[in-house]
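Being a predicted model, the structure only gives us computed values, none of them experimental.
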Amino acid sequence: MGVNKAYVWQHLSRWSRQQVVAAVVQDNTAMGDQQPKFKLLPKILNGGIAGIVGVTCVFPLDLVKTRLQNQQIGPNGERMYNSMLDCFRKTYRQEGYFGMYRGSGVNILLITPEKAIKLTANDFFRHHLTTKEGKLPIQREMMAGGLAGMCQIVVTTPMELLKIQLQDAGRVAAQAVATGGNAATVPKISATSITLRLLREKGIIGLYKGTAATMLRDVSFSVVYFPLFAHLNSLGPRKADGSGEAVFWCSFLSGCAAGSLAALAVNPFDVVKTRLQLLTKGSNETQYRGIAHAILTILKVEGPRAFFKGGACRMIVIAPLFGIAQMVYYFGVGEAILGYKK
């Protein structure tokens with residue numbers, strides 16, 4: 001025989017009703033306390049450390065990628081670099097070991113907040129977009145990734161702008177020599193000189209040249225990368241400490257695989273962004289008026305294959321960068337520094 005709950009509730013005394021309500025509230029509060037809390041500060045530290053370690057390891061590859069993407073084929077099919085290996089060899093011969101790290105200072109300085117924002121924001125949005133049942137549908141995973149990519153633009157755009165000028169300076173100087181000029185005529189640049197010139201001429205907006213193209217690349221990259229990484233990372237073995245996290249090598253391999261595939265998918269956007277952000281062009285190189293003009297001009301003059309210039313190199317750059325970054329991010333260095341229980 002079933003119990004009529006409404007009848008029982010109606011005949012309880014006022015004091016008894018208050019006791020029942022208090023017990024329910026206390027029980028719900030206790031359950032809420034058991035839910036995992038999002039610890040922001042250690043994740044920011046983890047993201048910053050992950051960015052520094054990752055970019056230091058792969059920066060020479062990134063420099064080669066930038067130069068391959070920026071070189072434009074001459075009227076007779078002439079080109080400065082024939083391949084990734086050729087670019088490595090010529091850059092090392094002309095500029096030495098430290099030439100392979102042109103622009104690394106500003107990149108390492110700004111990659112700390114950039115990776116901290118990107119990785120932490122993704123975790124933050126995933127945490128808040130998870131349903132009450134503890135599930136995160138693929139649409140919400142993609143939304144979390146896209147929002148994380150959107151958040152990082154404030155740091156990524158000026159970082160990429162400065163880095164590209166410094167990375168490409170050697171190519172512009174070498175091209176001046178190849179066309180009968182003198183490398184000495186190409187002014188020497190630094191991150192400080194570029195920043196001051198842009199601020200003087202265009203204000204803070206000058207540092208955000210190519211923001212739309214950067215957003216197009218980074219948002220689409222994050223939409224692909226983060227859900228793919230999460231699913232690959234969930235397939236591997238778990239740590240024995242009961243945290244439920246994947247072992248470090250699984251996070252590394254998942255980051256490499258997801259990063260390389262996402263990088264290839266958005267490489268056309270990266271080519272457009274890189275060319276739009278280049279301030280100093282070589283002789284006879286095209287100036288682009290915007291994203292649409294760049295896409296149409298590249299397609300008309302160089303063909304569809306131009307959108308995948310540096311694609312293999314970018315995959316080789318992004319794979320270890322995100323593999324190392326994700327692995328370091330989950331090491332829990334931030335928690336150890338702050339004394340948080342991981």
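Counting only heavy atoms from C-beta outward, the side chains of Met215 and Met150 approach each other to under 4.5 Å. Annotation: side chain of Phe307 is not in contact with side chain of Glu302 (no heavy-atom distance under 4.5 Å). Looking only at side-chain heavy atoms (C-beta outward), Gln165 and Leu161 come within less than 4.5 Å of each other. Looking only at side-chain heavy atoms (C-beta outward), Glu141 and Leu136 come within less than 4.5 Å of each other.
No side-chain donor-acceptor contact under 3.5 Å links Thr297 to the backbone of Ala294. Of the possible polar contacts, none joining the Lys209 side chain to the Leu198 backbone as a donor-acceptor pair under 3.5 Å is found. Checked by atom type and distance alone, the side chain of Ser260 never pairs as donor or acceptor with a backbone atom of Ala319 at under 3.5 Å.
Using cut-offs of 30° and 60° on the angle between ring planes, the pair Tyr225 and Phe229 is parallel. Using a 30° and 60° split on the angle between ring planes, Phe221 and Phe322 fall in the tilted class, from 30° to 60°.
The two residues Val55 and Leu321 come nearest to each other via the heavy atoms N-CD1, 3.5 Å. The two residues Pro137 and Thr131 have their closest heavy-atom pair at CD-CG2, 4.3 Å. For the residue pair Gly48 and Ala116, the shortest heavy atom distance occurs at N-CB, 3.8 Å. Of all heavy-atom pairs spanning Asn122 and Ala148, the tightest one is N-CB, 3.6 Å. The two residues Arg217 and Asp270 make their nearest non-hydrogen contact at NH1-OD1, 2.7 Å. Closest of all the heavy-atom pairs between Lys239 and Tyr330 is NZ-O, 3.5 Å.
For the side chain to side chain donor-acceptor pair (under 3.5 Å) criterion with Arg67, the lone passing option out of Asp62, Thr274, Thr91 is Thr91.
With sequence neighbours left out, the side chain to side chain contact (heavy atoms under 4.5 Å, CB included) criterion links Tyr208 to Val154, Thr157, Pro158, Ile204, Thr211. Remark: Asp218 pairs with Gln152 by the side chain to side chain donor-acceptor pair (under 3.5 Å) rule, at least two apart or across chains.
Taken together through direct or relayed side-chain contacts under 4.5 Å among Ile, Leu, Val, Met, Phe, Trp and Tyr, Tyr92 and Val64 form part of one hydrophobic cluster. Cluster annotation: Leu299 is connected to Leu276 through the hydrophobic network of ILVMFWY side chains, with a link wherever side-chain heavy atoms come within less than 4.5 Å. Linking Ile, Leu, Val, Met, Phe, Trp and Tyr residues whenever their side-chain heavy atoms come within less than 4.5 Å leaves Leu264 and Leu228 in two separate clusters.
No hydrogens or angles considered: a donor-acceptor pair under 3.5 Å links the side chains of Lys273 and Gln277. If you check the side chains of Ser251 and Gln326, you find no donor sitting under 3.5 Å from an acceptor.
Counting heavy atoms of neighbouring residues, nucleotides and ligands inside a 6.0 Å radius, atom CD1 of Ile138 exceeds 12 of them.
For an aromatic pair to be called close, the ring centres must be under 6.0 Å apart, and Phe125 with Phe226 fails this.
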